[in-house]
Trainee: 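Once you've had a glance at the structure underneath, I'll fire off some questions.
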Amino acid sequence: MERLDKIISTGGGISRSDARKAVLKGRVSVNGKTVRDIAFKVDPTADLVVLDDNKICYKKYIYLIMNKPEGVLTATEDKRQKTVLDLIPKELYRKDLFPVGRLDKNTTGLLIITNDGDFGHTLLSPNQKVPKKYFVTLDGEVGDDLPQKFAAGLTLADGTKLAPADIKILNPKSTALVTITEGKYHQIKRMFGLFDLGVNALERVSFAGLDLPKDLLYGQVRELTNCEHDIIKNAKKTLK
Ligand code: URA
């Protein structure tokens, strides 16, 4: 059960204070009866809530996909710098949204943002081995020995042992597709650092089996389709 003012605010895409005013003014009905109590409890899956003449469609959880641009922090708030939450349009914004995992400030690409804690935390859990694929542009050529070394599992400079990773060297050989199943701090940059290769650009092109949609431009965000949501939920627990 949820409070009526919350349902009107999130379902109707208006502020909580405007939602309260609407309820107090008698513009809201529940199952055909006008309700003026902002704290009235509603079952969003069963009750019909109407604001003026518009049926309110309330979703407890929201799942967003963003093509993260460069220069934006993957954080929920920051005093000085822009965060990914600042890019979310008003109609999709909820106070309890959080990014599922982190991309560095200069990394671009696929980022999932949700307010569903269970969904997010399952995807972040190391034992789920959720695959994340990156398109990497390096400051030198990738050696032919790297695929075998990545597959065997690298050990970072600080002694951290990594799970097996997949690398596909592209043309030119300073570019590659890398798939990892962990999310250690600066992981990709540190992996290439072991071979004296610097990362010039990093883009996440796939997450949990879902590819970055070609039509999603930098900075754009939209709700996941049901099909995309299913792809992520059923993400294979194996490297691909
Ligand atoms: N690895 C990195 O080094 N940076 C990212 O943003 C993601 C993976």
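Note that these values count all heavy atoms, side chains included, but never hydrogens, waters or copies made by symmetry. Each ligand, and each atom within it, is numbered from 1 in the order the structure gives.
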Trainee: If the threshold is 4.0 Å, N to carboxylate O, is there a salt bridge linking K173 and D144?
Mentor: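 Yes, this pair counts.
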Trainee: Among protein heavy atoms, which lies nearest atom 1 (N) of ligand 1, and at what distance?
Mentor: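 The protein heavy atom lying closest is I188 N, 3.1 Å.
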Trainee: Between the side chains of D47 and N31, does any donor sit under 3.5 Å from an acceptor?
Mentor: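 Result is yes, a qualifying pair exists.
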Trainee: Which ligand 1 atoms does Q187 reach within 4.0 Å, using its non-hydrogen atoms?
Mentor: 1 (N), 2 (C), 3 (O)
Trainee: Kindly say whether the aromatic ring centers of F119 and Y61 come within a distance under 6.0 Å.
Mentor: no
Trainee: Check each atom of ligand 1 against the heavy atoms of Y134 and keep those under 4.0 Å away; list them by number with element.
Mentor: 7 (C), 8 (C)
Trainee: Using a strict 4.0 Å threshold on nitrogen-to-oxygen distance, state whether D96 and R94 make a salt bridge.
Mentor: no
Trainee: Going by the angle between their ring planes, with limits at 30° and 60°, are F192 and F150 parallel, tilted or perpendicular?
Mentor: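 F192 and F150: tilted rings.
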Trainee: Between I180 and ligand 1, which part of the residue brings a heavy atom under 4.0 Å of the ligand: side chain, backbone, both or neither?
Mentor: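 Answer for I180: neither.
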Trainee: Return the residue, atom name and 0.1 Å-rounded distance of the protein heavy atom closest to atom 4 (N) of ligand 1.
Mentor: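 For atom 4 (N) of ligand 1, the nearest protein heavy atom comes out as D104 OD2, 2.7 Å.
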Trainee: What atoms in ligand 1 come closer than 4.0 Å to a heavy atom of T107?
Mentor: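 Under 4.0 Å from T107, ligand 1 has these atoms: 4 (N), 5 (C), 6 (O).
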Trainee: With atoms numbered from 1 as shown, which atoms in ligand 1 lie under 4.0 angstrom from a non-hydrogen atom of L103?
Mentor: 6 (O)
Trainee: Does atom CZ of R3 have more than 12 heavy-atom neighbours from other groups under 6.0 Å away?
Mentor: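 Yes, the 6.0 Å shell around CZ holds more than 12 heavy atoms from other groups.
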Trainee: So is Y185 close enough to ligand 1, meaning a heavy atom under 4.0 angstrom away?
Mentor: no
